[in-house]
Amino acid sequence: MGCWLVKEEPTKYSFACFLADGRTEWTGVRNYQARNHLRAMRLGDEVVFYHSGKLKAALGTAVVAGEAFADPTAEDGDWSCVVLEAAAAFAEPVPLSSVRKDPAFAECVLVKNSRLSVMPLTAAEYRRFCQLGRARKRAKA
DNA sequence: GCCAACGTTGGC
DNA sequence: GCCAACGTTGGC
């Protein structure tokens with residue numbers, strides 16, 4: 001099962017908004033690497049939701065509820081989006097500063113390529129996020 | 001607001 | 001196909 005991290009500016013689409021919506025189409029990605037990661041997402045994959053900009057913290061988790069399809073917001077070019085469903089809000093947001101300090105994230109793409117907006121996480125990195133965020137384990141549906 | 005890192009573009 | 005120039009992103 002894959003694990004991922006998606007990044008968003010809080011001013012564009014906040015985690016609070018995402019929680020309120022319950023699920024959303026993850027559109028607007030215009031970077032080939034990020035797009036290819038979207039396309040590699042599979043139903044049920046686990047996702048960390050991270051806010052760049054002013055917050056710079058991971059705020060919670062989501063699951064992939066719909067695999068890649070053509071991004072309806074793309075006017076030209078070959079772009080994709082997925083459907084994400086909100087899973088859990090972290091009791092403690094995990095700031096970038098903690099991620100940088102933690103040896104568990106030494107190889108994390110978030111640290112190594114801060115510009116990428118959709119990236120894979122190892123299962124260990126995903127678990128570490130949940131640990132630091134003190135997320136309660138999601139009940140299996 | 002600045003700057004470094006990265007991706008993309010376009011000239012050769 | 002290479003590489004310099006440029007634009008964008010995101011951390012500080």
Side-chain angles (χ1 to χ4, degrees), chain A residues 1-139 141:
Chain A
M1 169 144 325
C3 299
W4 309 93
L5 181 145
V6 296
K7 187 189 293 183
E8 180 61 281
E9 292 253 7
T11 52
K12 287 186 186 154
Y13 188 73
S14 71
F15 187 65
C17 224
F18 181 44
L19 287 179
D21 290 347
R23 63 163 59 194
T24 191
E25 290 182 0
W26 205 258
T27 56
V29 170
R30 298 293 181 270
N31 168 283
Y32 290 111
Q33 242 183 304
R35 181 202 67 183
N36 292 342
H37 290 318
L38 287 177
R39 289 181 177 176
M41 290 184 180
R42 293 296 170 259
L43 272 182
D45 278 2
E46 312 206 73
V47 181
V48 169
F49 187 112
Y50 174 86
H51 264 326
S52 57
K54 197 147 177 105
L55 269 101
K56 289 188 282 295
L59 296 187
T61 60
V63 292
V64 176
E67 296 182 4
F69 57 97
D71 183 342
T73 70
E75 292 183 359
D76 52 30
D78 183 20
W79 302 110
S80 297
C81 64
V82 296
V83 179
L84 294 183
E85 191 175 286
F90 290 156
E92 298 285 342
V94 182
L96 180 61
S97 55
S98 302
V99 172
R100 286 186 181 281
K101 275 188 301 202
D102 196 317
F105 293 114
E107 297 301 315
C108 186
V109 186
L110 188 63
V111 174
K112 298 219 145 178
N113 182 1
S114 60
R115 291 190 47 184
L116 191 59
S117 62
V118 181
M119 66 189 76
L121 293 178
T122 66
E125 286 163 353
Y126 179 81
R127 280 195 304 271
R128 188 67 178 142
F129 267 115
C130 292
Q131 243 176 28
L132 293 175
R134 295 196 293 113
R136 284 183 309 171
K137 198 167 174 60
R138 193 167 48 90

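In this text, all values refer to a predicted model and were calculated from it rather than measured experimentally. Chain identifiers are assigned alphabetically (A, B, ...) following the order of the sequence lines, protein sequences preceding nucleic acid strands; residue numbering begins at 1 within each chain.
Using a 4.0 Å heavy-atom distance criterion, Lys112(A) is classed as a sugar-phosphate-only contact.
Not counting sequence neighbours, Tyr50(A) has no partner by the ring pair (Phe, Tyr, Trp, His ring centres under 6.0 Å) test. Partners of Arg23(A) by side-chain hydrogen bond (donor to acceptor under 3.5 Å, both in side chains), not counting sequence neighbours, listed by chain and number: Glu85(A). With sequence neighbours excluded, no residue forms a salt bridge (Lys or Arg N to Asp or Glu O under 4.0 Å) with Asp76(A). Every residue two or more places apart in sequence or in another chain that forms a side chain to side chain contact (heavy atoms under 4.5 Å, CB included) with Phe69(A) is listed here: Glu25(A), Pro72(A), Cys81(A), Val83(A). With sequence neighbours excluded, the residues that form a salt bridge (Lys or Arg N to Asp or Glu O under 4.0 Å) with Asp71(A) are Arg30(A).
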Practice task
Could you encode protein contacts along nucleotides 4-12 of chain C as a string, one character per nucleotide from 5' to 3', using B for base contact, S for sugar-phosphate-only contact and - for no contact, with a heavy-atom cut-off of under 4.0 Å?
Solution key: ---BBBSSS
